[in-house]
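Notes to accompany the following structure.
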2 protein chains.
Amino acid sequence: MVHDGEMTVVGICEDDPGVRRVLTDALKMHGHDVVIARNGREAVDNLGVRSGVEVLILDVGLPDADGRDVCQALRAGGQHAPVLFLTALDAVHDRVAGFHAGGDDYVVKPFAISEVLVRVDALRRRSRPEPVSISGLSLHPDRLSVAADGREATLTPTEFRLLAAIAAEPGAVTRRRAAVAAAWPDGAIVNENTIDSYVRRLRVKLASIDSPVELTTVRGVGFTLR
Amino acid sequence: MVHDGEMTVVGICEDDPGVRRVLTDALKMHGHDVVIARNGREAVDNLGVRSGVEVLILDVGLPDADGRDVCQALRAGGQHAPVLFLTALDAVHDRVAGFHAGGDDYVVKPFAISEVLVRVDALRRRSRPEPVSISGLSLHPDRLSVAADGREATLTPTEFRLLAAIAAEPGAVTRRRAAVAAAWPDGAIVNENTIDSYVRRLRVKLASIDSPVELTTVRGVGFTLR
DNA sequence: CCGACGTGGTCAGGTCGCGTGCAGGTTCGA
DNA sequence: TCGAACCTGCACGCGACCTGACCACGTCGG
């Protein structure tokens, strides 16, 4: 089957067998794969980075734990997959709004399956890399752009890889060799000077959006974001 | 008059001629239009997005395929019409419960015609192909058209699928491969250049309605809506 | 049965921008 | 002060993309 994208591996943490079943069936019917956890403990065991899940569906109201705690525990374990929270109606005005801002999403129970499916697809699509925010600068891999405040600048693929590599560890110095390896992953042999050209272009684009951070040179070592 | 107004186009996939006849007659008597498929193959051929059906009635127990597989195949083709599954009694406790919770529905054979009619109406009502609005652009799946402000342009089915895929996440870059997979869900091998032609046609049509958003190219990656 | 029409798909040629390298100037560290 | 490291501006080639046309096929009305 070749339809709209690749299969997504979805991790579900839900105590209610009925809801679990509904979700599992619907997701499988749409060509996705499912990993199940019945409670917080199983979630931590089964839905970590090693599980290979790409999207998480977590019930906020678990018997043994809050879905947000589960999320936090998974995140602590290096699991960065986007989360779709299932929440009861009365919790909506609580702190749920916060989820949405974080790139994660939520649906209110009782929910329509179709809604869950749509959101799972959306999360997967934009999740591969979630927008990376670094001191007022946000990188959007799905848009190939960098934004500060409201302004946004689009980057070429190579520019983006380079900036992403340098921004990966804010404050740390990215060595020239490391930057080259990141921006040219195929191991192409590029002129030492080429990277300077790209750094320059990045500086111009960062300036065009009044970036709060500067791309500075550490002479003899590499580059860093300040 | 009982039925609430507009005619609904119902797609039926059912192998039993008797059941087919009963459904067809009842639906037509209530002012609906019917498109028939005798098996899974015909369903995929006749009940896709291009058929214009608004509600699907799928027999779960087809000779050549499971109704759920048929549903999956149709969904992959961009057919998002709600489904009413016809299922045998013994399957109820199977996984059918899952359908009812979602946007879709089911009835158990043998069923009362009136029940089917009620559910068809309910399904249609709650899933009227609402136009999808994206930054001033609205896509009308039921009319295969795109509108901005007051102006409207009609699209061919392939054009619509392509635009819908790119518009799914405004601002995000839709990769060429993904766009191809969306516009040609059957996995047809199309010339790499073909998609360019369609993008061009879409651009022309978007321009003809003074679209507020532009279909721009992200060189080396894909397309995006800005 | 035939021709008009809409749709899907292909092709050849032209355009354009990304990736790249170079030359010359400038800054920094010793 | 001197050399190396870095910055700046620019030019160029190739491949990705755009453009406008063409053709094959199915549908429908006459």
Side-chain angles (χ1 to χ4, degrees), chain A residues 144-146 153-166 173-177 179-208 214-224 226, chain B residues 35 45-46 48-52 77-78 143-146 153-166 173-208 214-224 226:
Chain A
L144 281 180
S145 71
V146 56
T154 61
L155 306 175
T156 72
T158 305
E159 286 170 353
F160 188 90
R161 285 194 300 272
L162 179 58
L163 180 56
I166 297 174
V173 177
T174 306
R175 291 168 194 287
R176 285 181 85 95
R177 304 297 164 90
V180 170
W184 291 270
D186 51 358
I189 358 129
V190 293
N191 191 308
E192 268 296 302
N193 212 345
T194 299
I195 192 171
D196 295 324
S197 296
Y198 274 92
V199 168
R200 166 165 164 67
R201 285 175 192 175
L202 283 178
R203 283 205 254 252
V204 170
K205 291 197 176 181
L206 287 177
S208 75
E214 268 187 353
L215 179 46
T216 58
T217 301
V218 179
R219 202 180 172 85
V221 186
F223 303 94
T224 185
R226 251 195 335 108
Chain B
V35 180
D45 289 343
N46 302 338
V49 266
R50 306 176 58 178
S51 64
R143 318 190 53 194
L144 282 181
S145 72
V146 55
T154 62
L155 306 174
T156 72
T158 305
E159 286 170 354
F160 188 88
R161 287 194 299 273
L162 180 58
L163 179 57
I166 296 174
V173 178
T174 306
R175 285 161 203 289
R176 284 181 87 94
R177 304 294 165 91
V180 169
W184 291 270
D186 51 359
I189 1 131
V190 292
N191 192 309
E192 267 297 300
N193 210 347
T194 300
I195 191 170
D196 295 323
S197 296
Y198 276 89
V199 167
R200 168 165 163 67
R201 288 172 189 173
L202 283 177
R203 282 205 253 252
V204 170
K205 291 195 176 181
L206 286 176
S208 75
E214 269 188 353
L215 212 181
T216 58
T217 301
V218 179
R219 205 180 171 84
V221 185
F223 303 94
T224 185
R226 259 194 328 110

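Convention: sequence-line order gives letters A, B, ...; per-chain numbering from 1. Quantities reported herein were computed from a predicted structural model and do not represent experimental measurements.
Regarding B:Lys205, its NZ atom lies at a distance of 9 Å from the P atom of C:dG8, rounded to whole Å. One can place OH of B:Tyr198 at 11 Å from C1' of C:dT10, the figure rounded to the nearest angstrom. When rounded to the nearest whole Å, the span between CD1 of A:Ile195 and P of D:dA5 equals 15 Å. Atom pair A:Asn191:CG and D:dA11:C1' shows a separation of 15 Å (rounding to whole Å applied). One interatomic measurement links the two molecules: CG of A:Leu162 to P of C:dT20, which rounds to 12 Å at whole-angstrom precision. The separation between A:Leu202 atom CG and C:dC18 atom C1' is 14 Å, rounded to whole Å.
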Quiz item: Which nucleotides of nucleotides 15-22 of chain D have their base under 4.0 Å from a protein heavy atom (B), which only their sugar-phosphate (S), and which neither (-), written as one string 5' to 3'?
Solution: BBSBBB--

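Contact annotation: B:Trp184 does not reach the phosphate of C:dG8 (side-chain N/O to OP1 or OP2, under 4.0 Å).
The salt bridge (charged side-chain N to carboxylate O under 4.0 Å, His left out) pairs that include a residue from residues 197-207 of chain A are A:Glu159-A:Lys205, where partners are two or more places apart or lie in different chains.
For A:Thr154, the side chain to side chain donor-acceptor pair (under 3.5 Å) test picks out no residue, with sequence neighbours left out. Every residue two or more places apart in sequence or in another chain was checked for a side chain to side chain donor-acceptor pair (under 3.5 Å) with A:Ser197, and none qualifies. Partners of A:Arg176 by salt bridge (charged side-chain N to carboxylate O under 4.0 Å, His left out), not counting sequence neighbours, listed by chain and number: A:Glu192, A:Asp196. Applying the ring-ring contact (aromatic ring centres under 6.0 Å, His included) test to A:Phe160 and every residue at least two apart in sequence or in another chain returns nothing.
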Practice problem: Under the side-chain contact (heavy atoms from CB on, under 4.5 Å) rule, what do B:Tyr198 and B:Leu163 come out as? Steps first, then yes or no, please. | Solution: CA-CA 9 Å; B:Tyr198 276 89; B:Leu163 179 57; over 6 Å; no

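Closest to the B:Thr194 side chain, of the nucleotides C:dG8, C:dG19, C:dT10, is C:dT10.
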